[in-house]
Every structure is written in structure tokens, then in C-alpha cells.
Amino acid sequence: SSHSSSKKVVINYYDDLAPSEAKVFDNYIIPQFEKEYPNITVDLHVESAGKMVGTIKALVEGGDVGSTVIAEDNMIIGELIYANDLMNLQPYMSSLPTSDLIPSMTHLMNYEQSVYHSVYFIPFRGNIPLVWYNESVMKEAGITSPPSNWSQLMTDAKLIYQKTGVGPIMFQGHGGASTSTELYQWMVQAGGNPFVFNDSGDVKAFTYLDQLSTYFNPDYIHGYWGNYKGLADGKYYILDYQWPYIYSTMKSEGINVSGIGFYPGPTGPVNNDHLVGGDVLAIPKGATHIHSLLLFIKFLLSYNVQRDIIMILGEPAVNSQAYNNLPSNISSLFKAEESAFQTAFFREPVPWISEWNNIADSAFVKIVEDHAPASQIPSILSSANQEMYTYLLTNYNSTVAQEYEQGYFAPLYG
Amino acid sequence: MRRNLLVYAGAIIFTLYFLVPLYILILIAFSPAKFTLESLYPPLYFKGFTLNNLVYAFTQYDFVHPFLKSFFVASLVGVIAILLGIPAGYGLSKLPGKIAYAFIVVLLITNMVPGLVVAIPISVEFIKLHLFDSIPGLALVQELVTLPLAVFILQGTFSAVPKEVEYQAKIDGASTLSYLTNVLIPIALPGIVAAFLISWMFSWDEFTYAVLLSPIHPTLPVEIYFNIQRGNELAAVAFSLVFTIPVIVLTVILQKYLKGEYLAGGVKY
Amino acid sequence: MLAFAFYPSARAVYLSFFTSQGKFTLDNYKELFYFNLYGTIENTVILTVGALMIQLLLALGISSILVREFKGKRLVSTISIIPMGVATVVAAITFAFIFQTSGGYANTFLHYLGLSGINWYFNSYISLFIVMIADSWKNTPIMTLIILAGMYSIPRDLYYAAALDGAGPLRRFVHITLPNLKKFIAIALIIRGVSEFNIFALPLILIGYSPSILTTLAYSLYSTTTENLASAAAVIILIFVSVLIALNIKLGGKR
Amino acid sequence: MIELKELVKSYGKKLVLNGISEKIETGEFFVILGPSGAGKSTMLKVIAGIEELDSGSIVVDGKDISRLPPEKRNLAMVFQNYALYPNMTVFDNIAFPLKMKGVSRDKIKEKVERVARLLGIQDLLKSNVTKISGGQQQRVAIARAIVREPSFYLLDEPLSNLDARTRFKARGELKRIQKELGGTFIYVTHDQKEAMSLADRVAVLHEGKFEQVGVPMELYEYPRTKWVGEFIGDFPMNFIPGDWLGAQGVEIGFRPEWVKLDGNDFRGTVSSMESVGEYTYLFLDVKDTKVIVKGSGQFDVGDEVSFSINKCRRFKDGFIVDQK
Amino acid sequence: MIELKELVKSYGKKLVLNGISEKIETGEFFVILGPSGAGKSTMLKVIAGIEELDSGSIVVDGKDISRLPPEKRNLAMVFQNYALYPNMTVFDNIAFPLKMKGVSRDKIKEKVERVARLLGIQDLLKSNVTKISGGQQQRVAIARAIVREPSFYLLDEPLSNLDARTRFKARGELKRIQKELGGTFIYVTHDQKEAMSLADRVAVLHEGKFEQVGVPMELYEYPRTKWVGEFIGDFPMNFIPGDWLGAQGVEIGFRPEWVKLDGNDFRGTVSSMESVGEYTYLFLDVKDTKVIVKGSGQFDVGDEVSFSINKCRRFKDGFIVDQK
Ligand SMILES: Nc1ncnc2c1ncn2[C@@H]1O[C@H](COP(=O)(O)OP(=O)(O)OP(=O)(O)O)[C@@H](O)[C@H]1O
Ligand SMILES: Nc1ncnc2c1ncn2[C@@H]1O[C@H](COP(=O)(O)OP(=O)(O)OP(=O)(O)O)[C@@H](O)[C@H]1O
Ligand SMILES: [Mg+2]
Ligand SMILES: [Mg+2]
């Protein structure tokens, strides 16, 4: 670093946070750190996961990274690793408290070691989307507990639909990352490897969703990870898979949340596994003031912050210490997250995830939105597989393409 | 008389068309969630009134910095547009109309490539030049799209000044520069203001480049977009309303400069 | 200055023909077809043409009123430029609220009339129509300004002459107003059409990626690792804008 | 016959036509003459129905047309700037009124061609109206008016955009066409010379009224008011106090031609001159009054000139006293 | 003295000035007369230096100015549309050339006020130039030209935007100003009447050349070509074959005034008439030739009229044979 060390260091901290979460960081978490290290200031920059890739790439290529830490989606991080834009943190591992990681996160790090033979990122937060529902409508329809498995979901949806005339299920059909994340989860629960698109589990999941879409609310075409309005105004009754943060958002808008229930969702025909959307910490290549950055990372992984993540944000922490002696009145939201976490998996952070998202979207549009005949579902998914293969062949190399075809890339279990 | 009735009927319909969305924006901003987000058929009139959304926006979110950023970028875009546009417009106004027109149209087209394909390379260059995420950087890129339009407007207003006036100034002993500053620019002032305003408004509204090139300190539209995507939507609405009104007022006050003649670039019937 | 101006397009065209490893390829275009390029183009054309037509019709209507003298004219003309001051994002939010299938104001209105609500996203045409409406609200004013200037430039005497020649109001509009507005309509369509083809924030907020149009497709392709694919989509947009303008000049330019 | 009855028209507070009545005979070339802004165009517009009358009525051949819309009045108008439809060819311009009437195609072609031949523009029919000369445009405008055989014609300064020589020719032609058609022309101009040379009768419009209506010679010889005397003629009529000639309580008006130079009645100093052809008009200062007289021969500024008056009219309170 | 030497100027292929030479004396009122499009404005522009000459030179008081830029030529120009600076007041308009010269403020104020008084616009100095009448604008334009005391003045149809009566007054005033200043005026017009009444000498521009240069009376009496004879005068000169008067191989030209009615030499039929003041101009058909003659009294279309020619000029191959 060319700057004199006596000068105040300004850390640029990029994170993909909802405004309600950003507020917690800005007003509560970061000030704690700044108090501890008066020589360091932290500027929080909120950027969506996809955009952050572009920004970091540009900063690295432009040679002006400065002192920067990023908290990036565990999937998207693959793009930065592949582009060789991240710093190898192996030399600094001794100063970082990774020994306290919960088992699933340790597994993620092991995976990292085995694939990259280095450390480019460190787990930071876990997050699992939940299913939300309207309690009173369920009750009126005589449904006492939310559907526990796929067939129950189909039955209950049908029942509510017949009673109310309303398509009760809201699905994130808007396209982009939210739709493909949901699809990933459904395919895994049907026993498929989502990346390959056309194994029997994948076909089963798409076939099921196609049938279930009879009970989708028409608005599902615009469902994305910001949607909850229909749940609030009674336009639909089951909001399938939505991140927990919407709870505090609804509260801040003055919506009455007392009648809204949530749970980890129905069990699939093969398993009850839940997708973890976690965030990981990383330092872009060429960053300055590494020492201060490491201090900040250490702080973020510390008991205090990790505890705040559970207690305030209602999201699973990665530090196992944080779970000790949780008060009994801990929010029901965290409880739901915790229970989902018992059977959780990661998506492998492949660098071509965005392209996979696009292809998955396109399959979803053809099968579910445009209702292609059921007999064509396998062939639509095969051509999705073919498309992914060709892309990898063109933009990567034949080895990657071959590995892809052989199911080498798959969900990671913790 | 009957003709007048028709005119009034039409006027009322159009007025409603323009005002109703604005009214609904106000309705959402100042109603409690119970009458907006929480109702399946939200009432078309004020059933309740609240300032909570607005208070929330100002206390919990930082909209002020994005607002200032947008304001400065837009103003800079306007200034650059006229600084570069005046010489370019003057030059083009001396060419035959058809050639000048064709030139501007070509410029207009080529700049219609969506910004995102150049975002990363431009970002890289900007970082090297320390323009990334800065006000001048964003302004420069937005200029890609505004400048052709500004030149078009200025070329039009300049061509409307009789060439005898320029001859006269020459004969009166004025150099080209003093002709520009003493005569042409004052005469064409309304057109120049129009070019400034149009550029300003474009930048104020611009989204694509702002998303891509100013990610760290976003402009207002980006910030609002981000908040309706995953934040407190009502606060975002309240805020956008509060900051839309001054711009509307400004638009109305300056409407005499927003004349179609300028936009039409001196096209004559 | 010129280099700065042409650089983006040149680069897009160049990139669209290469793989991320720098090998020449047409795969980028081929891949676009997987993402339903035809449908996307169709949607884009429908959206562009539809929005332009709506704006043109509205602008002609408002201008026909505003060229006349009547009490309250100033007020009406002031109101008619208000949307210019509203940012696109804000307009998009407003219309998203109006045309929500659940809890939307348009459906409330229908409800008041005793009609059942409409699913505004029932098919891609209605969705596109909503984008057109929202876009027209925001952008009709600029069109109106140009058309109105055009109408003022038509000598009143022509209307008098046509009236004396036996033409009623409608035929005067068809035979006098429209043909003499040609150049102004052409300019308005160029200025609006170019941005219409690039319309982005509005559909992104109102309808997301479905039905897809060229810009949202390009944006979703941009998020993938290579720029090449997005460039290919951008080149398609470029081609369309050029064709549109060429057509426009050809039709509007000849007298 | 066209009867104008007490026509009144104002724009806002400005009273433009203040009760105008007159009868115009079928086949007459009736010229309305007045300075700019007098309300001449307004007058034609109310007759055509483009502007509404405040009060009064217009009766054509016994039928009151004052409440009909323009398209129902069956009259033709030629505008000062011709108001040709720039988006149409010469042919389409001329054909337009017939098309509006629903005349058949063949019939239109036949009629347009006949009229075009009459006006000598048969070779221009395919041209764009914006690309022909002013004189030709004027003929197209007249052709368009003639083609529908209206009950009468209104012409609003149709010659004022032409240059001097073309105007000179067009004047003759217009008169010829009117005679050939036997049409009723109401023709408006601010050019007194044009009025005098074209009209069967001239009406002088001043302050919302017809100040005088008469044949050209009458206007020149017996202007009803001082104002008309000054307005008509290449040079205004001269006015001097009556007592210079021994007539009390009146003013004496005389034209520059009505004097004999080297007469002994008055003397004046040449302050400037204008030569017109072989004559020279002298601007004299006579006892603090400006007087214009016509002479021939060589003069210089400052020369003393004497003259006597051959012919004159007496005016009282601005109105003429002498009668024809 | 201004010497124009073989001025040549073309636009693209169109040759507009085809070798024009003339000497204009200091203090002269020199009028260039020609029909529209003859190249009059072009001529002034090359003299002013706004357009470049193809060849030829302009020498003012012995100094060749042809290669100087306009701002160095020390001349003033008044444009047809006045080209006033609409963003400035009357005062600032007049002051502009002085400001460009760097004259001191006090001096500017003094000079502008003096010139404004000379032109009678001292009360308008603070007005906006777009809000004054045409006649006043014209005076402002002249004031702006005068204020710098240039070596000579160029005026491009400065009166053509004024209405008839104002033009009539302005003409006199212009002449007076020129005499008072003792300035050299090069004045362009297409109006032969204006030319004749203003000029010390008139140059007739036709097909890129000065077809005739002379004092007004000379042009009227001895037009050098048939074209000039037709162009000059309220009515064109009449031309008849020489053998009608027994002169072989020539054409005879005579003006409508140069005849005596009821003379016995020729007879013709009245085809139309125009009355001008107390006279009537008769358009006669004489042996298949149109002839205009001046008469007085009552005539009707179709009347037979006889006349004889008092005065005439002989022309051969279009050029005059008789000399003064
Ligand atoms: N539409 C109008 N609204 C208000 N005032 C008008 C209107 N049209 C004409 N005027 C006024 O009425 C008066 C008469 O106008 P008009 O055009 O009839 O004059 P004109 O005799 O035809 O003059 P010109 O010879 O200049 O054509 C003028 O003072 C003019 O300003
Ligand atoms: N800039 C130019 N480029 C090409 N041709 C020109 C240009 N200026 C004038 N001309 C042509 O040169 C000829 C002379 O034009 P000029 O303006 O000198 O005529 P003028 O005698 O002043 O006519 P007017 O009386 O109508 O003003 C015309 O035929 C005109 O079309
Ligand atoms: Mg008029
Ligand atoms: Mg000229």
C-alpha cells in the first residue's frame, strides 16, 4: 500500500442487502466495528449480486480496487473465481476463525479446497427461502396444517381453488435468478440434478409444476423475490418460496402480518432438502490494506455479529458458537429457518450459473407458462441440456462440457 | 358551439388521462397500507391519510444523496450538451439542411446500442481515469445519447437565425467568436435552454447507464428501483412523489422553452 | 468526439461475432434463437409500433385540441406536459400499481362498475399493451410538442380553402392536416422510435422478462459471463432501429 | 345578386366591421379597397363563413346564407397566399373541390383539363405546386376556384405576392377571365391603383364602414371625404385652407395634375422631386403647407415655382361639398 | 470613388455576375435595378466581402479591397429584412458596430444619440427592435449603417417590406439623408419606379451584365435595348415593325404617352383598359400587335381608336439606333 498507515483506512464493503437489512448493518453492526478500530471506517455499498460481479471485474481490471471486501452470493462467486478476480486467502487462514464454522459450511470450504486447491471465499451467512401462507383462509378451507408434501400441496391447492375460485399459489415466475433458484429446489426434491436439466428427477419436477400451475395465481408470471403483496391483500394464499427478509419489509410498510404463517415447505417425492442461499466473503485481487480487511472479516464472523444475524435478521449464522444458548423467545422466523437448515444443500458455485439460469427460465416458459404438451417435456429439457452443453463447449472447453454432461456438477450437501 | 363542446370533452378526457396516474401515486403515498397493499380492491379515494410512508422514507433510507447525485449529473449533462452542442450545432447549421439532418440521424442511431454491452469496457477505462462512479463519468456517458439530440435542437434554432444577421455582424466588424457570443447565442437562447432542459430531463430519467456505471453511489431512479424491488415500496412511492413534484413544477414553469419547434430541429412545414 | 460516439456500436458488432476466447463464431446468434429470438423480435416490434401508434394518435388528438382557442387552454396544455417531469421509474411504479391483477386500481375501477377484474397479464399481448399505455403516458407529451408545432405551422388559410372547397372537419383532417404534418410526424417517430426500441426500465418493472423484448433479453444475457451474447442481441436491436429510421425517412421524407 | 345587410363583426373589443350594407350585381367586378388592417380580409371571411358574423346577414339570390357553414355556401375564394395544398400536385389541387363534391373521376379529369387550358397551365398539371412560380401558383388558385362554377368569387389580394411585371400581366388576365366567365367577383386590395384599374365599382373601407362606393373615375374626381382623396391616386390629394382662394369655412382639395405651372396664384419652394416617366412631381413648401404638383422639364431642389389651380373640390368638415 | 473591375461570380455552374465594370463617384446615389434573381444581392455581397469574387477587383479610393474580409472593408450595409439583432435594444443595435471597433462608452452614447436624432428615432432608443413598426425598424437599420461613418453604403431593397404609403415617405427621407451625409449609396431594387425616383444614376442588371447605366431620364427616353425599354416605365414600351412607318430593317419603339389620339396613322380596337388617375391606358389590338396608348376621356372595350405616334426610337437587333 502506498498510503501511510497512520491515515484513516476506508473499507469499501459490498453486500447484497435488502434495505431493511442494510439499515441494521449501517446503524448497528458497522458502528460496533468502527468503535473497536477508530482508524478504520467502513462504507457499505449495497449492490445486487449480479451487478456486483460487473463492478468488481471492472475495478480489478481497472487496477483501482482499493481496500474492498465483498459479501457475494455463494453461487455468483463462481464467476469471479473463474475470472481470476479474487485474492487467494490461503496465507491468511490462520488469522481467520474458520474452525467455528457449522458443519455444512465447513463442507463448503472443503469443496473449495478440493476444487480450487485454495481459499477464495469464506462462508458468511446462510439463508433459506420459506413457504408463506394465509392462515385464516387455510383454516376456513378446513386445512389445519400447511401441506406437508407435494401431493398434499396439490390436494390442498385444489380444495382452496374450488372453495374460493382463486388460484391460491404464487410462484416466482418472473424469470431471472429468482425463478431458476426455485426450479433448482424443486428438481432436487424430485431427485434430479438440476444442472443437467433432463434426468428423470428433473422431468418429474417440471411435470409436477406444469400440473400444479393450474392452481397458480395468474400473477405468478410477475412473481419474483420481492413479491408478497398478493399475500397481504388476499389475492393468493400460498407464497411458494420467498426469502425471510420480506417479513420485516411487510412490517415496515404497516401491513398486518399476524395472519401470515410460514414454514420450510412441503417434502418432495425423493427428499426434503432445502436450498441454502448463502453469502460468502471475499477480497478482490489487488486490494489494499489487507490487514484491515482481515480484521473486518474476522469481525463479521465473530460471535457477536453472527449472533446479530440470527437475532435481528432472522437468518442462520455460520458460526456454530452463535447458536449456543439462544433465548427461548427467538423469533419463529429463525426457528423455521433453523428447521430447514437441518436438511440443506448448496448449489455448486459454477461460473456459468447465469447462463444456466437463462436456460432454466426458458424451459420454464415453454413448459409451465406456455403449457407445452406433457409428452414434449422430456424433449424440451433435452434441448435445454444440449444448449448448456454447446455453451460450455463454445465458451469454456470440451473438458468442462464433458464433465457437465456426466453430471460432475451437482448440488453440494453439507 | 357544438364544435366547442367537442373540444371541451376532448380536453377533459386528456386531462384525466394525464392526471389520474399522478393522483394514484399520491393516493398510494399518503394512504396507510390497509387501503393500498392490504386491499384487493384499493379504494379510489382517500379513506385514510398517513405521513408514515414519507417519514419512513426520510428517516430510514438515504434518498437524499442519490437525489443530489442525480441532480448534479443531470445539470452537468445539460451543461456539457450545450457546451459541445453549440459549436457542433453552429457548424452543422452552415451545412445544407439535408446533409446536417442525415448526419445527426446517423449519430442518433449508432448511439442506440444498449449501454450494457459497453458497460464493462467503459467502466475499466473510467476506473483508470478515475471517472468510475463519479458524476463527470456518468455525465460523459449519458452524453452519448443526449448530445445528438441537443445538437439537433441547436442546429435547428441556429438555422432559424437569418443569415443576413451574421453577414451584418461581420460587416459591423464582429469576429466569428464575438458574433457567437454577442449575437447568435443571445438570439438562440430559448433553443439553448430547450437543449439544456431536454438533456437535463434525459439524464434525470436515465436508467441503463446509471445502473451500470454508477453502482456504488446510485442515482435516484436506480435507488428507487432498488427499493421497490425489495424494500419498503410505500416509502419508495412516497419519496418518488415528493421529488417528482418539484420537477413537475419546474417543467411547468419552463414550459415555454419546451416548444416543439426546437425539438423538431427547425423542420419547416 | 466521433470516435467516442461510434465506439460502442463498433465494439458491439465486433464482439457479437466472437467467442469469449476470441475465436470467430456465429454461435452467439444461433444461441439467441434458443431464447426465442423470433418471439422476442415480434414482441419488440409489437411494443414499438403499438406504443408509437398510441402516442401518435394521442398526440394528434391533444394537438388538434390545443391548436384551437378556448377557455382553459393554458391549463390543459400545462397539464399535458406534466408527465415529462415524472421519471420513467416512477411512472412504471404507478402503472404497476394501477394494473396489478391483485389490488390494482384499474380492477378497482371495474369493480365499481360492477365488472369483474381483468387479469392484466393473461397473455403477452395484454402485457405488452400495458407497457404501451404506461410508456405512452410518459412520452406522449414530447410527441405532442412536436406535432403541435407542426399543426401551428400549417397556415389556417389551407383549412379555410378546404372548407370552401366543400371538405368537412374530418376530410380536412385527412386531406390537409395529416399530409402536411408528415415531416413532423417523421421527426417525432424518429426521436421517439429510437428510444422506444430501447425501452428498458419500464418493461423491466412492469412485466419483467416475460414476455421478453430485445432489451430485457439482452439484459438477462448480459448477466452471463460473456459479453458476446449480449452484443449479438444489441446488434439485432441496432439493425432494427436502423431499418425503422430508414423506413421512416423514406415515407416521411418524400413530398 | 349579393346583398350585404348591416354586417357587424368584432374581435374581442375591436370593432372591425361596423354595419356594412351594399348590393353587388351578378357579373360585377366589385373591389373593396382599404389600407392594411381595415378589415378587408375579415369581410371576405364572414362572407365565406370562415368567421361568424356578430349580426347582419348575407343574402345571395334571395337566399340567406349567413348561417351556413363554409362548405355549404357554394362560393370560391382565392387567398392572398393562394393557400394551395402543398401536398398535392397542380391537378389534385384543382380537382379537390370536385372530389369533395363526389364528382366522378372522368368528369373531374375533363373539367380540370378544360379549366387548365383556359388558364394556360395545362402543361403543369403534374407538377408539384410548391415548385412552380408565383404567377403560375396564382393561376392554379384561380383554376381551383373556377372549376366548381360557384355562385360567386371572393379574391383576397391575389396579386400582392407577384412582382411588378407579372402583376401587370395578371391584372389583365383576371379581368379577361371574369368577363369570359361572367362571374361575380368580390375582390379585395389595399392597392388603389389595382382597384381603380380592375373594378366596375370600388368600395372604400375605412373604420369599419364603406366610406364611398362608386366607379373608379368618381372616386378619383369626387372623393366623398378628405380621407378618400388622400388615399386614392398615385399621390395624395392636396388640401389647402379655403380662404387662400377666398372661400370661407371650407377646405380646398386638388390633385397634383389639376394645376398649371407658371400660373400666378401661388408660389412655393421645391423641397424634393420624383420623376415618373416624362413628368416630374414637385414637393413644394407653400406658406407652411406641403403641396405636390406635377410638372415637366428640369427642376432643382430650392427652385421657386409658381402655379395656379385649374380644378378643385370644396370640403367641409372632411366631407365633399361639390357634386358631380 | 468606387471602381468595379470585371466582377465575375458564379454559384456552381450558374454564372450570376459576368464581368461587371463601373465607376461610382463619391457622393453619388447609384441604383442597381434588375428583376428578381438577376444577381443584385449577389453583387452587393461580393462588394461587402460576404461572398468571394471569382475574379475581378473592387478598388475604393485607389485601394484594392477585394481580398479584405468584410469587417475590414469599412462599409455599411442595410439588408432587405434589416437584419436587426433581435436580442438587443434599438440603442444596442445602433451601438454594435462602434462596440466592435472598441469605441469608448461615452463616445458611443454621444454618436448613437446624434444619429438617432438625425433619423427621428431618439425616443425609441430603449425599445426592443422586434416591437417597433416596419418603418421604424428600417430607420434603425439605417442608423446602424450611418453611425460608423463608413466610406460607402450598400442598401439591398431596404424599402420593399414597407407598405405603399410608408414607402412613399421613406423614399423621400432616404434621399434627404443621403444628401445630408454626402455619402456614396449603392442601392439595389427591382422596382423601376423606385429606382427612377431615387437615383442619380441607374444601372440596369440583366443576364450578369449592366445592360445600361445612365440618369433616369436617359433610361426612359433612350433605353439602350428593347429589354430595358420594356422593363422601365409604368407600362412597357410598345414595339412595332419599322415598315409600318416606312423604315426598313428596324423596329420602332414608343411609349404609351408618345402618341396623339385621333391621329390618323393607325387604328386599333380596345381590348381592355386601365385608368390611372384622370388618364386611361388603352390596350389596343393593332394589326395583330398589342399596343398600349394613353388617353383621357370615356372608352369602352371594343371601341375603335385611331392614333398617331409623336415620338419614337428605332431599334436594330434589339439595340437602340437613335442617340440623344
Ligand atoms: N383572428 C383575429 N383575432 C383578433 N383580431 C383579428 C383577427 N383577425 C384580424 N384581426 C384584427 O382585425 C383587424 C382587421 O384585420 P384584417 O385581416 O381583416 O385586415 P385587412 O384589411 O385584411 O388587412 P391587410 O391588408 O393587412 O390584409 C386588424 O386590426 C387585425 O389585427
Ligand atoms: N448561395 C447561393 N447558392 C447558389 N445559388 C445562389 C445563391 N445565392 C443566390 N443564388 C442564385 O443566384 C441568382 C442571383 O441571386 P440574387 O439573390 O443575387 O438575386 P437578386 O437579384 O438579389 O434577386 P431578388 O430581387 O429576388 O432579391 C439566383 O438565381 C439565385 O438562385
Ligand atoms: Mg387581409
Ligand atoms: Mg436580392
Side-chain angles (χ1 to χ4, degrees), chain B residues 4 7-8 10-11 14-15 17-19 21-22 24-25 28 36-37 39-44 84 105 107-114 116-118 120-121 144 149 201 204-205 207-208 220-221 224-225 228 236-237 240 244 247-248 250-252 255 258-261 263-265 267-269, chain C residues 5-6 8-9 11-12 61-62 65 68 70 76 78-90 93-95 97-98 102-103 105 107-109 111 137 142 145-146 148-150 153-154 180 183-184 187 190 194 197-198 200-201 205 215 218-219 222 227 230-231 234 237-238 241-242 245:
Chain B
N4 255 344
V7 168
Y8 280 113
F14 285 120
T15 304
Y17 174 68
F18 286 124
L19 288 183
L22 217 56
I24 285 179
L25 196 66
I28 299 167
T36 55
L37 293 184
S39 58
L40 193 50
Y41 293 109
L44 292 176
L84 296 180
V105 166
L107 213 61
L108 216 57
I109 296 177
T110 48
N111 284 306
M112 282 305 146
V113 176
L116 48 94
V117 301
V118 278
I120 292 193
L144 277 179
L149 197 56
M201 284 184 164
W204 181 255
D205 204 23
F207 190 74
T208 319
L220 196 60
I224 292 174
Y225 172 70
I228 50 152
V237 166
S240 40
T244 289
V247 181
I248 291 178
L250 214 66
T251 311
V252 169
Q255 69 171 311
L258 292 171
K259 282 210 192 110
E261 293 92 86
L263 293 170
V267 169
K268 303 262 161 48
Y269 133 88
Chain C
F6 287 104
S9 341
R11 192 185 138 92
I62 301 164
I65 289 174
R68 285 164 213 278
F70 61 96
V76 174
T78 297
I79 288 173
S80 74
I81 65 162
I82 281 181
M84 266 183 104
V86 179
T88 303
V89 175
V90 177
I93 300 172
T94 312
F95 278 88
F97 269 101
I98 293 176
S102 68
Y105 287 85
N107 278 346
T108 300
F109 183 69
H111 194 63
W137 182 77
I142 207 160
L145 289 176
I146 298 173
L148 188 60
S153 79
I154 302 177
N180 290 307
K183 277 194 171 175
F184 288 86
I187 293 276
I190 288 178
V194 164
F197 234 91
N198 271 289
F200 176 58
I205 292 171
T215 44
Y219 187 69
Y222 163 74
E227 299 164 58
S231 300
I237 297 180
L238 189 63
V241 172
S242 312
I245 290 180

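Excluded from the calculations below are hydrogen atoms, water molecules and symmetry mates; all remaining heavy atoms, backbone and side chain alike, are included.
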Could you check which of C:Ile205, C:Ile62, C:Val76 has the highest count of heavy-atom pairs closer than 4.5 Å to chain B?
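Most heavy-atom pairs under 4.5 Å with chain B: C:Ile62.
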If you count heavy-atom pairs under 4.5 Å between each of C:Val89, C:Ile98, C:Ile146 and chain B, which one has the most?
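Ranked by contacts with chain B, first place is C:Val89.
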Under a 4.5 Å cutoff for heavy-atom pairs, which residue among [options] has the most contacts with chain C?
options: B:Val247, B:Ile24, B:Thr15; value: B:Ile24
options: B:Leu149, B:Val252, B:Ile224, B:Ile228; value: B:Ile228
options: B:Leu250, B:Leu44, B:Leu220, B:Leu22; value: B:Leu44

Go through C:Val86 and B:Ile248 one step at a time and tell me if the side-chain contact (heavy atoms from CB on, under 4.5 Å) criterion holds.
CA-CA 7 Å; C:Val86 179; B:Ile248 291 178; 3.8 Å; yes
Contact class of [X] relative to chain C, heavy atoms under 4.5 angstrom:
X: B:Phe207; value: side chain
X: B:Ser39; value: backbone
X: B:Tyr225; value: both

Any chance CZ of C:Phe109 has more than 12 other-residue heavy atoms, nucleotides or ligands included, within less than 6.0 Å?
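Incorrect, the count does not exceed 12.
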Atom CD1 in C:Ile79, atom CG in B:Leu19: separation rounded to 0.5 Å?
4.5 Å
Point-to-point distance, once rounded to the nearest 0.5 Å, from OH of C:Tyr105 to CZ of C:Phe97
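Going from the OH atom of C:Tyr105 to the CZ atom of C:Phe97 covers 7.0 Å.
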So what's closer than 4.5 Å to chain B heavy atoms on [X]: side chain, backbone, both or neither?
X: C:Leu148; result: neither
X: C:Ile190; result: side chain
X: C:Ile93; result: side chain

Verify side-chain contact (heavy atoms from CB on, under 4.5 Å) between C:Thr88 and B:Trp204, making sure each step is shown before the conclusion.
CA-CA 9 Å; C:Thr88 303; B:Trp204 181 255; over 6 Å; no
Closest approach of C:Gly61 to B:Phe14 (non-hydrogen atoms, all atoms of both residues)
C-CE1, 3.7 Å
If every non-hydrogen atom of C:Phe184 is compared with every non-hydrogen atom of C:Ala149, which pair is closest and at what distance?
CE2-C, 4.2 Å
Strictly distance-based, threshold 3.5 Å: is any side-chain N or O of C:Thr108 a donor or acceptor partner for the main-chain N or O of B:Pro42?
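Looks like yes, one N/O pair under 3.5 Å.
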